[in-house]
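As the structure lists them, so they are numbered: ligands from 1, and atoms in each ligand from 1.
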Amino acid sequence: MLSYSDLKLGLTKLGLTDRKVIAHASLKAFGQIEGGAETMLRILLASVRGVIMPTFTYKTMVTPQVGPPNNGITYGRDQDLNKMAEPFHADMPVDPTMGILPEILRKHPLAKRSFHPIQSFAGINADETINLQTIYNPLAPIGALAEQDGWVLLLGVDHTVNTSIHYAEKLAGRRQFVRWGLTMDRVVECPGFPGDSSGFNEIVPEIEKFVRRVRIGEAVVQAVPLKPLIETVTAIIKEYPPALLCQREDCERCREIRTR
Ligand SMILES: [Zn+2]
């Protein structure tokens with residue numbers, strides 16, 4: 001079982017105590033952690049200057065009968081899911097597919113959470129980045145972190161959950177999509193919804209030279225500086241527009257981007 005000091009030692013080796021980070025985590029990858037997710041969050045907060053995490057809520061999403069064309073979606077498809085959609089509220093739990101750590105962060109007394117009905121972020125000591133999110137620029141907190149020389153921290157996860165690559169895709173001019181999120185009083189149109197991330201591990205060899213990596217228990221923890229990550233992704237997409245797209249035939253968003 002991993003103790004507080006095992007984890008603290010590992011994270012300290014990454015040298016990020018004066019940096020703000022966007023973190024993504026799978027605690028299962030670490031095996032047993034003494035004190036569980038709460039311990040992990042405490043150590044994370046003690047090892048960096050500030051942290052944000054996506055606290056996305058996909059169960060607010062509804063699909064209309066009709067909408068804008070070339071949107072990587074089949075309109076009218078998920079009518080049964082529409083009936084089960086729940087309106088976003090500030091205390092809505094994070095989607096379970098994002099893991100337990102962002103949910104623990106969201107519930108922390110010092111955490112601030114943004115109000116985007118699908119793509120909210122929560123953070124501690126990073127209010128100025130959280131506050132920048134708008135419905136038109138949902139990934140603005142990542143841009144703000146990059147400006148502050150922030151880092152991405154991948155705790156036992158790979159680049160398929162690295163939301164910052166989506167931010168770079170947008171900067172590179174890649175097509176963004178429109179989705180719809182339910183709130184208490186209406187359905188909100190949410191532009192700037194990103195594509196699919198299942199091809200993102202293609203970035204690994206391109207960024208190897210500036211990745212820091214430690215092994216903690218059974219997990220690999222990687223830290224990637226945002227600025228060079230964003231520059232690299234942007235350059236790759238500009239040079240080869242289908243870069244980082246997945247190969248699945250049934251992936252509507254990757255297919256839509258490819259046809260452009
Ligand atoms: Zn795809």
Side-chain angles (χ1 to χ4, degrees), residues 22-26 29 53-64 66-82 85 94-99 102 116-121 136-140 142-143 152 154 156-181 189-208 211 222 224 226 229-260:
I22 174 167
H24 307 274
S26 166
M53 291 184 212
T55 52
F56 298 171
T57 46
Y58 298 121
K59 67 178 173 185
T60 64
M61 291 177 81
V62 288
T63 306
V66 287
N70 312 317
N71 193 24
I73 197 168
T74 305
Y75 291 110
R77 179 187 53 193
D78 295 326
Q79 296 310 301
D80 287 344
L81 283 179
N82 284 356
V94 180
D95 194 274
T97 59
M98 315 213 68
H116 194 290
I118 306 169
Q119 294 179 279
S120 65
F121 285 84
Y136 300 103
N137 197 359
L139 300 182
I142 294 171
V152 179
L154 300 173
V157 288
D158 64 18
H159 290 281
T160 58
V161 298
N162 186 349
T163 311
S164 302
I165 295 178
H166 285 310
Y167 178 78
E169 289 184 299
K170 186 185 176 187
L171 287 188
R174 180 166 274 180
R175 180 168 185 79
Q176 306 287 291
F177 300 99
V178 180
R179 292 296 182 266
W180 292 265
E189 186 174 289
C190 301
F193 195 82
D196 167 51
S197 58
S198 51
F200 282 3
N201 281 324
E202 208 185 298
I203 199 66
V204 169
E206 314 293 334
I207 59 173
E208 188 56 30
V211 171
Q222 304 181 77
V224 191
L226 269 166
L229 171 68
I230 291 168
E231 280 164 18
T232 305
V233 171
T234 311
I236 286 173
I237 293 174
K238 284 187 172 159
E239 189 184 310
Y240 180 62
L244 306 176
L245 297 178
C246 84
Q247 304 300 326
R248 285 184 293 127
E249 294 270 314
D250 62 345
C251 183
E252 290 178 290
R253 284 174 294 168
C254 287
R255 197 172 60 209
E256 184 55 47
I257 291 165
R258 252 200 204 91
T259 59
R260 306 224 137 222

**Message:** Give me the number of protein N, O or S atoms whose distance to the Zn ion (ligand 1) is under 2.8 Å.
**Reply:**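 Count of protein N, O, S atoms less than 2.8 Å from the Zn ion (ligand 1): 4.
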**Request:** Go through the structure and list residues passing salt bridge (Lys or Arg N to Asp or Glu O under 4.0 Å) with Glu208, not counting sequence neighbours.
**Result:**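 With sequence neighbours excluded, Glu208 shows a salt bridge (Lys or Arg N to Asp or Glu O under 4.0 Å) to Arg213, given in chain and number order.
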**Request:** Using the side chain to side chain contact (heavy atoms under 4.5 Å, CB included) rule, take Glu202 and Ile236 through it: C-alpha gap first, then chi angles, then the decisive distance, then the call.
**Result:** CA-CA 11 Å; Glu202 208 185 298; Ile236 286 173; 5.6 Å; no
**Asked** If you take all heavy atoms of Pro54 and Pro102, which pair is closest and at what distance?
**Response** O-CB, 3.5 Å
**Prompt:** With sequence neighbours excluded, what pairs up with His116 under the side chain to side chain donor-acceptor pair (under 3.5 Å) test?
**Reply:**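 Expected list: none.
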**Complete:** Across all chains, not counting sequence neighbours, the side chain to side chain donor-acceptor pair (under 3.5 Å) partners of Tyr75 are Asn71
**Prompt:** What distance separates Asn162 CG from Asn201 CG, expressed to the nearest 0.5 Å?
**Reply:**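 That separation rounds to 9.5 Å.
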